[in-house]
*Asks:* 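Below you will find the structure I want to go over with you.
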Amino acid sequence: MLLVQHIRDHYDQVLLGLNKRNLKNAATALQQVLDLDDLRKSAQTQRDQFQAEANTISKEIGTLMKEGKTAEATAVRDRSALLKTQIKELEEQHEQAEAELKALLYTLPNVPFTAVPAGKSAEDNEVVLSHGEIPSLGEGKLPHWELIKKYDIIDFDLGVKIAGAGFPVYKGKGARLQRALINFFLDQALAAGYVEVQPPILVNEDSGYGTGQLPDKEGQMYFANEDKLYLIPTAEVPITNLYRDVLVNTSDLPIKNVGYTPCFRREAGSWGAHVRGLNRLHQFDKVEIVQITHPDNSYATLEEMSAYVQGLLRQLELPYRVLRLCGGDMGFTSAMTYDMEVYSAAQERWLEVSSVSNFETYQANRLKLRFKGEDKKSQLAHTLNGSALALPRIVASILENNQDPDGIRMPKVLHPYLGFDRI
RNA sequence: AGAGAGUUGGGUGAGUGGCUGAAACCAACAGUUUGCUAAACUGUCGUACGGGUUAUACUGUACCGGGGGUUCGAAUCCCCCACUCUCUGCCA
């Protein structure tokens, strides 16, 4: 959520940023924010004055009663009653302005960082770099949804029986590959200084608001109605919310956490020709890295996290490219995002396997995640996160890129985790 | 799921409807002193939103799990909700 004070102080910059996102009526919305805030303030100032008077009167009455001056006390009481109705009126004004302001702020996305390119869709994203060679497979190359049947390692039909489309069943070497990747990713993160956490995979409403999935993406999360809990779409939600309502010391920063969780996404309305096989699932596994940093360091950290994720892809021997997302394609809460895509050689297309973002104070403001600076004033920290990595599309590209007539070659780094080197 | 108990500042923990933004202790921070360490002593020490100021100072209001009510006045009384703990039940 954007800070009103920030909008006030950097109006032009915020407006420019929101325009970069192609947000309609940005200027109107911002002006409305300021108006509502003014309204809120003036109502509060007046209410506080009346309340102060009422408080004084109450004390007077107490004294008068003690001294037995009942008649005088009753007289003062009338004034108090009048104040009370005025206070109530102003209170309502204040609450309404505040509620409207909050609702409006919830609809405003984060302001893109200056380095974010303008643009409307994925086509306008900027390719920052590419790495690795795109393998040229001969005739008879199979897409991963054929390979998994051929080698009987992932079964979608069984998943349909148990749950529905988009819930695969991993079997035999397929299951082992999942476990190997998870352990490999976790071990790498540990080596890079991340502290592992195993969070709940169902979260309450407050957590959903904390990281911005609510109210923006309400319909995209599975909801356990009986207990009012959401199944997490990403470990970002529970891990970042560990720090909701937390005031940390500057010396505690940066905080680095990594966690493996299954992720659940309803993906309502996003099924089509390009989502066969592992390309899009309702349930998938992901290892997520989260950092909480001092505002001065967050962009250096973003680069560090990007480099870290690229290191994983190199070790897995996958050709990849890094995109800097344009304003129109960036997530609602992000100030800048890098997407990492691997090349899937049978499908002959790039697949997004990681998204690394800096949210600046956007999440921290909702979370009330602050640190005490050297001037002993508390200020909002910056939050970042990234997939490191999401499994299904990694699996898809490993299977497709490494296929040969004799089977599928496994990346070297996984051999110790797998206990085999081919499928 | 049933019954009971509870929820107060960073922590522990007092608190008869006005003298309580809240005792005390601990922690933290600053300082004094004994050669250093330890100890002792003194002081500071919640958050949010306003007013005010170049910035301080100063100042108002709210907050004792959340919401509502009674009252001139609520941490304290009443109602609803959430959560935690204990026992019983169930269970990996």
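Residue numbers begin at 1 in each chain, while the letters A, B, ... track the order of the sequences.
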*Asks:* Taking the same atom, P, in B:A57 and in B:C19, what whole-Å distance lies between them?
*Replies:* 27 Å
*Asks:* Show the numbers, then the answer: is there a ring pair (Phe, Tyr, Trp, His ring centres under 6.0 Å) between A:F113 and A:Y299?
*Replies:* CA-CA 10 Å; A:F113 186 56; A:Y299 279 96; 3.7 Å; yes
*Asks:* Taking the same atom, P, in B:G35 and in B:A48, what whole-Å distance lies between them?
*Replies:* 44 Å
*Asks:* Touch check for A:R79, heavy atoms < 4.0 angstrom, all strands: base, sugar-phosphate only, or nothing?
*Replies:* nothing
*Asks:* Using atom P in both nucleotides, what's the gap between B:U59 and B:C81 to the nearest angstrom?
*Replies:* 43 Å
*Asks:* Report the secondary structure of RNA chain B in dot-bracket form, marking unpaired bases with a dot and bases paired to a different strand with |, and treating Watson-Crick or G-U pairs with both distances under 3.5 Å as paired.
*Replies:* ((((((((.[[[..)..(.....]]].(((((.......))))).((((((......)))))).[[[[[..)....]]]]])))))))....
*Asks:* In chain order, what residues pass the side-chain contact (heavy atoms from CB on, under 4.5 Å) check against A:L16, with sequence neighbours excluded?
*Replies:* none
*Asks:* Across the strands shown, which category fits A:Q51 at heavy-atom distances under 4.0 angstrom: base, sugar-phosphate, nothing?
*Replies:* sugar-phosphate
*Asks:* Under 4.0 Å, counting only non-hydrogen atoms across every strand here, what does A:N55 touch: a base, just sugar-phosphate, or nothing?
*Replies:* sugar-phosphate
*Asks:* Over how many whole Å does the gap from A:E91 atom CD to B:G60 atom P extend?
*Replies:* 19 Å
*Asks:* For B:G50 versus B:U34, give the span between their P atoms, rounded off to a whole number of Å.
*Replies:* 49 Å
*Asks:* Without swapping roles, check the side chain of A:D37 against the backbone of A:V33 for a donor-acceptor pair under 3.5 Å.
*Replies:* no
*Asks:* Just verifying a value: how many Å separate A:L325 CG and A:N125 CG, rounded to the nearest 0.5 Å?
*Replies:* 4.5 Å
*Asks:* When the C1' atoms of B:G67 and B:U7 are considered, how many whole Å apart are they?
*Replies:* 15 Å
*Asks:* Can you check ring pair (Phe, Tyr, Trp, His ring centres under 6.0 Å) on A:F371 and A:H294, steps first, answer last?
*Replies:* CA-CA 8 Å; A:F371 67 94; A:H294 190 282; 4.9 Å; yes
*Asks:* Reading RNA chain B from 5' onward, which residue's closest nucleotide shows up sooner: A:R40 or A:A52?
*Replies:* A:R40
*Asks:* Taking atom C1' of B:G66 as reference, at what distance in whole Å does atom CG of A:D206 sit?
*Replies:* 11 Å
*Asks:* Is there a side-chain contact between A:R370 and the phosphate of B:G46, meaning an N or O under 4.0 Å from OP1 or OP2?
*Replies:* no
*Asks:* Hey, is the side chain of A:K84 poking within less than 4.0 Å of OP1 or OP2 on B:U71, counting only N and O atoms?
*Replies:* no
*Asks:* Rounded to the nearest 0.5 Å, how far apart are NE2 of A:H94 and CG of A:D48?
*Replies:* 8.0 Å
*Asks:* What integer number of Å spans the C1' atoms of B:U32 and B:A39?
*Replies:* 14 Å
*Asks:* Sequence neighbours excluded and cut-off under 3.5 Å, please list the side-chain donor-acceptor pairs for residues 163-173 of chain A, or say none.
*Replies:*
residue	atom	partner	partner atom	Å
A:K171	NZ	A:D152	OD1	3.0
A:K171	NZ	A:D155	OD2	3.4
A:K173	NZ	A:R422	O	3.1

*Asks:* Quick check on RNA chain B: between A:R47 and A:E98, whose nearest nucleotide comes earlier from the 5' end?
*Replies:* A:E98
*Asks:* Name the nucleic acid region contacted by A:S58, choosing base, sugar-phosphate or nothing; use a 4.0 angstrom heavy-atom cut-off, strictly under.
*Replies:* base
